[in-house]
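Note on naming: letters A, B, ... go to the chains in the order of the sequence lines (proteins, then strands), and numbering restarts at 1 for each one. On a predicted model such as this, the values are computed, not experimentally measured, just so you know.
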4 protein chains.
Amino acid sequence: MPVQQARARSRQQKILKAAASVFAKRGYQDVGMDEIARASGTSKGGVYFHFPGKDAVLLALLDQTSTLLRRKVEKAIAAADDPVARAEAALHVLLQTLSKHRSLARIFAIEALGAGGRLNQRVMQIQDEFAVLIQAQLDEAIVAGAIPPIDTRVAAQAWIGIFHSVIMRWLTAKERGESSPDLDETYETIRIMLFRSVGADPGHLPGAVQDDRDGQAR
Amino acid sequence: MPVQQARARSRQQKILKAAASVFAKRGYQDVGMDEIARASGTSKGGVYFHFPGKDAVLLALLDQTSTLLRRKVEKAIAAADDPVARAEAALHVLLQTLSKHRSLARIFAIEALGAGGRLNQRVMQIQDEFAVLIQAQLDEAIVAGAIPPIDTRVAAQAWIGIFHSVIMRWLTAKERGESSPDLDETYETIRIMLFRSVGADPGHLPGAVQDDRDGQAR
Amino acid sequence: MPVQQARARSRQQKILKAAASVFAKRGYQDVGMDEIARASGTSKGGVYFHFPGKDAVLLALLDQTSTLLRRKVEKAIAAADDPVARAEAALHVLLQTLSKHRSLARIFAIEALGAGGRLNQRVMQIQDEFAVLIQAQLDEAIVAGAIPPIDTRVAAQAWIGIFHSVIMRWLTAKERGESSPDLDETYETIRIMLFRSVGADPGHLPGAVQDDRDGQAR
Amino acid sequence: MPVQQARARSRQQKILKAAASVFAKRGYQDVGMDEIARASGTSKGGVYFHFPGKDAVLLALLDQTSTLLRRKVEKAIAAADDPVARAEAALHVLLQTLSKHRSLARIFAIEALGAGGRLNQRVMQIQDEFAVLIQAQLDEAIVAGAIPPIDTRVAAQAWIGIFHSVIMRWLTAKERGESSPDLDETYETIRIMLFRSVGADPGHLPGAVQDDRDGQAR
DNA sequence: GATGAATGAGACTTCATTCAT
DNA sequence: CATGAATGAAGTCTCATTCAT
């Protein structure tokens with residue numbers, strides 16, 4: 001029955017969308033299945049029909065989102081010219097995408113990390129996946145002689161860490177009494193640091209041009 | 001009544017120590033006051049006599065620990081020679097200290113995230129405090145001409161992000177099926193990246209020597 | 001879904017009935033939700049599904065009971081011949097009904113007092129409602145010239161006070177080492193006092209006849 | 001050691017006074033021993049040195065107050081001229097005294113009644129003691145031919161009930177959204193009802209004169 | 001006598017999950 | 001497929017009472 005399957009999928013999407021919204025607004029821990037159900041226009045039993053449990057909802061959300069993100073990242077990588085630019089483009093597109101989906105950003109950066117056990121692991125795994133993508137570009141860059149040899153595994157993870165810190169600052173600015181930082185502006189500095197950190201010349205790709213291209217591409 | 005006060009203080013310390021242990025082992029969310037009490041050799045009511053609630057226990061733990069850490073960091077900063085080295089020494093001593101107190105590291109990096117908004121904010125605040133320390137060194141470095149001008153606020157935060165990623169990898173390596181990374185080795189790469197990221201010459205301070213000096217400073 | 005709703009309503013009734021029983025037997029304060037649940041053949045969570053808290057159970061009990069009582073009282077008022085008799089009939093039927101439901105009597109007169117301000121207020125409100133009914137009859141009696149003018153508001157409240165004292169004595173007789181008073185006998189005296197207190201002639205309605213008529217009215 | 005005994009007694013009085021205040025303000029159930037201790041300028045252990053438990057504090061308060069009240073009532077009875085006036089004077093002085101000590105009124109009429117078991121019993125006992133005093137006057141009145149024969153036990157209790165209702169209305173007026181009733185005015189009606197209820201002529205003792213005399217006597 | 005830290009039973013409440021309808 | 005009533009384990013917190021100092 002493809003009709004029913006389609007209905008089921010759409011219902012699942014509705015639930016995931018609603019869950020993303022409430023998780024971001026009130027925190028994974030503080031949201032009950034009741035609330036997810038209500039926000040989805042379903043009943044508690046309905047949610048349980050589609051997902052085996054509360055953490056499965058978040059897990060599905062993480063998986064679905066990370067798949068989409070990875071696709072975007074891969075596209076961005078493919079579109080860039082040289083290895084280091086490719087690595088940088090990966091992070092840049094990640095940042096730009098999440099900056100447009102605050103809920104998802106919060107879920108990845110805070111909610112799922114603090115949700116304990118399985119959820120935590122999955123987030124780290126997803127980070128790993130992105131780190132691997134970046135690492136591959138850095139490896140190429142070394143082979144190409146664009147940057148000096150370095151432990152690219154560690155470097156890629158460090159880049160993810162930088163990225164994470166930017167997102168966190170942005171997400172928690174209001175709660176900390178700061179004005180929300182301008183991400184584009186912040187990223188100017190960040191890109192320079194990324195390039196320099198691996199020994200690449202930040203000057204060989206003028207920031208403004210890069211930014212414009214990226215912005216239009218999406 | 002210094003006698004009773006002394007007893008109270010020692011009991012508080014006992015509770016905090018026990019709490020650190022159980023929070024790290026089984027997660028803030030999964031630990032009940034029962035468990036904290038049992039681990040402290042106290043009763044539930046005893047814990048509540050000293051702390052108004054479970055989150056207050058974690059809060060006290062964070063505050064106490066962060067104070068100690070800041071002291072260490074300040075000492076390390078004072079002991080280093082030039083501005084960039086001071087900034088780097090801050091992170092290095094942080095890493096070395098937390099690597100010796102896995103429980104505390106886990107609580108700062110992971111558990112506090114799942115403990116609700118207030119705790120969350122506090123962790124970010126504490127990160128800010130360290131960021132400010134680092135930022136001050138970078139500012140000096142720029143004034144001294146050791147590194148080119150840069151948005152030191154963003155840079156300091158990025159450094160914290162790098163540091164954070166190292167800690168997270170180390171904490172979750174086992175759960176992710178990886179072997180626990182050797183932090184000293186990892187840090188070799190990290191330090192180079194830190195220096196380079198702000199345009200400093202990483203070569204001017206050989207790793208081994210740096211390590212030794214740090215060791216003596218503590 | 002009238003099926004589920006029917007089940008829910010019946011379950012609520014079961015809970016209220018059980019609560020009335022245990023509250024009367026062991027006192028509102030000494031009864032836990034555990035006990036209410038057990039007595040209802042439900043689980044603690046089940047009680048909380050239907051009532052937001054322990055005091056809400058008592059509140060619902062008071063409301064439901066007072067509605068039933070008011071209906072009885074209004075019927076008795078309608079069945080009596082002259083205004084003063086109507087006022088008296090109101091109290092009489094109240095007494096006769098509560099004397100058959102000791103649990104409810106105890107809950108209204110004693111338990112609700114120890115259940116905190118809100119419940120307390122509600123009981124006074126309910127008393128007010130009955131006082132208003134009586135006051136209306138006394139007002140009519142004055143208009144009809146059956147009794148001399150008087151502050152009927154105060155008078156009605158005084159009647160309630162008399163009624164209350166009878167109930168209290170009856171409820172606490174055993175605990176005070178007295179034999180439980182015969183309410184019918186006591187009421188002989190009470191009725192005379194009620195009539196006299198407002199200047200009515202108590203002789204015009206012989207007790208026995210009054211009693212029979214009341215009995216039929218119900 | 002009479003000195004120590006005196007100190008002990010004064011400390012007890014301080015505790016009782018403080019307890020009366022906090023019980024009246026926040027309710028017996030909601031007040032903890034901590035609060036009693038703090039309000040007494042003592043420590044929790046200090047309260048336990050003087051009283052075996054929380055209910056013992058309230059019990060002592062009830063006993064002490066009721067003794068004082070009984071003394072006043074007996075004096076008022078002795079001062080009145082004829083038997084019915086004596087009975088009425090008992091209630092009147094009770095009302096006037098409690099109207100000047102709202103805290104105590106609330107404790108007798110609400111807190112202790114809702115406090116369960118022993119406390120409840122004691123309040124009813126105390127009510128009995130006053131009822132007996134009144135009953136004795138009514139008995140004399142019957143012997144003297146001032147009022148027709150009646151079950152004086154029931155009558156006396158009914159009088160107490162009327163008295164209780166007046167106090168309750170006065171105590172809870174604010175919470176019920178009413179303006180606090182003027183007790184003197186209310187009592188005009190009440191006295192007439194009291195007299196009439198036992199078949200006495202309320203005219204034989206003009207209200208105003210009676211009131212003035214009573215007021216001056218105290 | 002007094003203090004206040006400590007106890008521990010028990011209160012209320014929440015919520016992920018199950019399942020009859 | 002969906003509903004929502006029901007479950008029950010577990011959690012946080014309170015507080016009368018005890019007792020070492």
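The stretch residues 110-119 of chain A does not touch DNA chain E, since none of its heavy atoms comes less than 4.0 Å from the strand. Taking every heavy atom of residues 27-39 of chain C and every atom of DNA chain E, pairs under 4.0 Å involve Val31(C), Gly32(C), Met33(C), by number. Of the residues in residues 41-59 of chain C, those placing a heavy atom less than 4.0 Å from an atom of DNA chain F are Thr42(C), Ser43(C), Lys44(C), Gly45(C), Gly46(C), Phe49(C), His50(C), in numerical order.
By the side-chain contact (heavy atoms from CB on, under 4.5 Å) test, Ala109(B) pairs with His164(B), Ile167(B), Met168(B), Leu171(B), sequence neighbours left out. The side-chain hydrogen bond (donor to acceptor under 3.5 Å, both in side chains) search around Arg26(D) returns Glu35(D), not counting sequence neighbours. Legend: residues meeting side-chain contact (heavy atoms from CB on, under 4.5 Å) with Ser21(D), ordered by chain and number and at least two apart, are Lys25(D). Under the ring pair (Phe, Tyr, Trp, His ring centres under 6.0 Å) criterion, Phe108(C) pairs with no residue at all, not counting sequence neighbours. Partners of Asp63(C) according to the side-chain hydrogen bond (donor to acceptor under 3.5 Å, both in side chains) rule, which considers only residues two or more places apart in sequence or in another chain, are Arg122(C). By the side-chain hydrogen bond (donor to acceptor under 3.5 Å, both in side chains) test, Asp34(C) is found to be paired with Lys44(C), residues two or more places apart in sequence or in another chain being considered. Glu175(D) is linked by a side-chain hydrogen bond (donor to acceptor under 3.5 Å, both in side chains) to Arg106(D), counting only residues two or more places apart in sequence or in another chain.
Applying the salt bridge (Lys or Arg N to Asp or Glu O under 4.0 Å) test to every pair with at least one member in residues 51-62 of chain C, sequence neighbours left out, gives these pairs: Asp55(C)-Arg118(C).
Between Val22(C) and Ala39(C) the shortest heavy-atom distance is CG1-CB, 3.9 Å.
Between Tyr28(C) and Leu113(C) the shortest side-chain heavy-atom distance does not fall below 4.5 Å. By the 4.5 Å heavy-atom criterion applied to side chains, Arg176(D) and Gln125(C) are not counted as neighbours.
The main-chain N or O of His101(D) is never found under 3.5 Å from a side-chain atom of Ser103(D) such that the two would form a donor-acceptor pair.
Every stem involving DNA chain F, taken as at least 3 paired positions in a row under the Watson-Crick or G-U wobble test at 3.5 Å, is listed here: E:2-21 with F:2-21.
For Arg11(C), a side-chain nitrogen or oxygen approaches OP1 or OP2 of dA6(F) to under 4.0 Å.
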